[in-house]
Each structure stands twice: as structure tokens, then as C-alpha cells.
Amino acid sequence: MQAFDFDNTIYKGESAFDFALFVLKKRKRLLRYLPGIVKILLDYKACRMSSDEYLERLNKYAPIFLENKEFIQKLVVEFWKKNEHKLYLHILEKITPEDFIITSSPYFLLEPIMEKLNTTHFICSEANLDEGKMTYLNFKENKVKKFVEKIGKKKITNFYTDSYNDKPMMDYAEHVFLITKGKIEKIK
């Protein structure tokens, strides 16, 4: 069994950040929040926060961006029509039906394209769109915890990721492949 991170692994970029920018273009009044969102992304990429801190900081902005469930669901579909081309086809070809995509991206964001990802097994962050907040963050050590909770202690043969934020998953997997700008390098 293989497992794949999503952002910068299957998708060229950070899908949640790209989606936030997409929302900003549709709701220009939210532009004042851009510096805070960028700071969160930079701290996330630099591994400077725990899962709890990340969730707390995301929920500072989530109610503002997720305030209208129907509107957000409509925007997610529009977002993928515009951004589907950012999926790395050579990585998608590696995914089989029994593999997992384990990501910090929220489920509602991936839901419209799940059929294109060659598997039905997803472990994602969760959001309550009715309340406009993130309820679970699938980040760092939470990825392994949720995988074991869902599957048991089944081993992951190959794990593909772009980030050392996934160190717990890297330690759990037999082989690890680091994806940098679509290029694959075996590091374990």
C-alpha cells in the first residue's frame, strides 16, 4: 500500500492557500486578511507550529472565509475547473485504488475531484461548513494517528510527500519519496 500527501505532491501548490486566494478574488472585502493568511502558510511550510497551534490560527480566519456553505461549495467546484490542470499526471499514474491520500487539505476542498485521484481512500482535515470552522487538522503526527485509527497498524510501503512536516509519516513508511516541483527523489 502506498500513501500520498496532496499539496505540492499531487497538486502543484498549496490547494487550501490557492483556494483562499480564489475566494479573495470573489470577495475583495476579505483582502485585508491576506497578510495573516500568508504568515500562517509561511509558518506552516517552515515547520514552526504544532497541529493545535495551526488549527487555532486557521480558525481565526475560517469563519470569515467559510461563512456561507452553499457559496463555498459553489466556489470549490469553480476552483477545480480553473485549477485541475495543476494535478501532476505522472504522480496520479502511481496511485492505485487501494492507496491512500493523506493530507492536511480539507475534505470539502478535495471532494469535487476525488474521482480523478484514482482512489477512494482519503484522510483529510475536516471542516464544519455550517459553523464555518475547521474541526480536525490532519497535520504532522495526526496523519499517522488517523491512519492507524482508520486502518490499524497496516504498513505503508511507499509514502510520497513534499514536506518534512510529514516526518511522522516518513518514519512510519518503509520507503519515502520527496517530491520537489514534480520531481521524485527517493530519500528512504
Side-chain angles (χ1 to χ4, degrees), residues 1-26 37 40-41 44-45 51 54-55 58-59 61-63 65-147 149-151 156 158-163 165-166 168-169 173 177 179 182:
M1 171 194 317
Q2 302 183 108
F4 296 79
D5 181 33
F6 184 73
D7 295 308
N8 288 304
T9 302
I10 297 170
Y11 175 81
K12 183 181 180 182
E14 294 287 338
S15 61
F17 182 74
D18 287 355
F19 182 66
L21 292 177
F22 186 78
V23 172
L24 286 171
K25 289 177 185 173
K26 300 288 184 179
I37 294 167
I40 291 171
L41 178 65
Y44 161 75
K45 289 308 282 181
S51 296
Y54 190 30
L55 183 61
L58 283 175
N59 274 328
Y61 297 100
F65 280 81
L66 303 177
E67 67 183 340
N68 181 318
K69 179 180 179 177
E70 290 76 25
F71 183 67
I72 290 300
Q73 289 172 324
K74 179 180 167 254
L75 285 183
V76 169
V77 172
E78 285 180 36
F79 171 79
W80 284 114
K81 285 180 183 172
K82 181 180 179 218
N83 289 286
E84 185 180 325
H85 73 278
K86 293 176 81 174
L87 296 173
Y88 287 122
L89 297 178
H90 68 289
I91 303 294
L92 286 175
E93 290 171 354
K94 294 184 174 302
I95 301 172
T96 67
E98 60 273 353
D99 293 337
F100 275 79
I101 294 175
I102 304 174
T103 179
S104 63
S105 290
Y107 185 87
F108 77 85
L109 184 58
L110 297 186
E111 193 170 20
I113 60 155
M114 286 181 169
E115 66 186 39
K116 296 178 186 329
L117 302 178
N118 301 332
T119 186
T120 58
H121 304 292
F122 296 87
I123 300 174
C124 304
S125 291
E126 295 290 336
N128 181 329
L129 293 180
D130 292 320
E131 295 179 14
K133 71 177 194 174
M134 298 298 297
T135 56
Y136 167 74
L137 190 61
N138 199 47
F139 181 63
K140 290 188 174 180
E141 64 282 344
N142 286 353
K143 287 185 176 185
V144 174
K145 286 179 192 173
K146 190 59 97 172
F147 178 80
E149 179 184 305
K150 192 169 184 167
I151 302 301
I156 294 171
N158 298 321
F159 178 59
Y160 295 82
T161 186
D162 72 302
S163 173
N165 277 323
D166 283 329
M169 286 296 296
F177 299 86
I179 310 295

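No hydrogens, no waters, no symmetry mates; every other heavy atom, side chains included, goes into these values.
- Expressed to the nearest 0.5 Å, how far CG of Asn83 lies from OG of Ser15 amounts to 9.5 Å.
- A donor-acceptor pair under 3.5 Å is formed between the side chain of Asn118 and the backbone N or O of Leu92.
- Among all heavy-atom pairs drawn from Asn142 and Leu137, the shortest one is ND2-O, 2.8 Å.
- Taking all atoms of both residues into account, the shortest heavy-atom contact from Thr119 to Pro97 is OG1-O, 3.1 Å.
- A side-chain donor from one of Thr96 and Asp99 sits under 3.5 Å from a side-chain acceptor of the other.
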Step by step, work out the side-chain contact (heavy atoms from CB on, under 4.5 Å) result for Asn8 and Glu14.
CA-CA 6 Å; Asn8 288 304; Glu14 294 287 338; 2.8 Å; yes

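- The line from CD1 of Ile91 to CD1 of Ile179 is 4.0 Å long, rounded to the nearest 0.5 Å.
- Nearest approach of Lys150 to Phe122, heavy atoms of both residues: NZ-O, 3.2 Å.
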side-chain contact (heavy atoms from CB on, under 4.5 Å) between Met169 and Thr161, worked out:
CA-CA 9 Å; Met169 286 296 296; Thr161 186; over 6 Å; no

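- Annotation: side chain to side chain contact (heavy atoms under 4.5 Å, CB included) contacts of Glu111 (sequence neighbours excluded): Tyr107.
- We find that Glu78 and Lys74 are joined by a salt bridge, their nearest charged nitrogen and carboxylate oxygen being less than 4.0 Å apart.
- Side chain of Lys146 to main chain of Ser125: no donor-acceptor pair is present (N/O by atom type, distance under 3.5 Å, no hydrogens or angles).
- Side-chain contact between Phe108 and Gln73 is absent, with no heavy atoms from C-beta onward closer than 4.5 Å.
- Put simply, the side chain of Lys86 reaches to within 4.5 Å of the side chain of Asp18, judged on heavy atoms.
- Ile101 CD1 to Leu110 CG: the interatomic distance, rounded to the nearest 0.5 Å, is 7.5 Å.
- Counting heavy atoms from C-beta on, the side chains of Ile40 and Tyr61 come closer than 4.5 Å.
- Residues Leu24 and Phe65 meet the side-chain proximity criterion, which asks for heavy atoms closer than 4.5 Å.
- By the 6.0 Å contact criterion, CD on Glu115 is open, its count of non-hydrogen atoms from other residues, nucleotides or ligands being 12 or less.
- Counting only residues at least two apart or on different chains, the ring-ring contact (aromatic ring centres under 6.0 Å, His included) pairs with a member in residues 5-24 are Phe6-Tyr11, Tyr11-Trp80, Phe19-Phe79, Phe22-Phe79.
- Note that CZ of Phe139 is 4.0 Å distant from CG of Asn165, once rounded to the nearest 0.5 Å.
- Counting only distance, with no hydrogens or angles, the side chain of Asn138 and the backbone of Thr103 share a donor-acceptor pair below 3.5 Å.
- Nearest heavy atoms, Lys143 versus Asp5: NZ-OD1, 3.1 Å.
- Using a 4.5 Å heavy-atom threshold, the side chains of Met114 and Thr120 count as separate.
- Taking CZ from Phe159 and CZ from Phe177, the interatomic distance works out to 12.0 Å, rounded to the nearest 0.5 Å.
- You'll find the side chain of Ser105 reaches within 4.5 Å of the side chain of Asp7, heavy atoms only.
- Atom CE of residue Met1 and atom CD1 of residue Ile151 lie 5.5 Å apart, to the nearest 0.5 angstrom.
- Taking every heavy atom of both residues into account, Ala127 and Met134 meet most closely at CB-SD, 3.7 Å.
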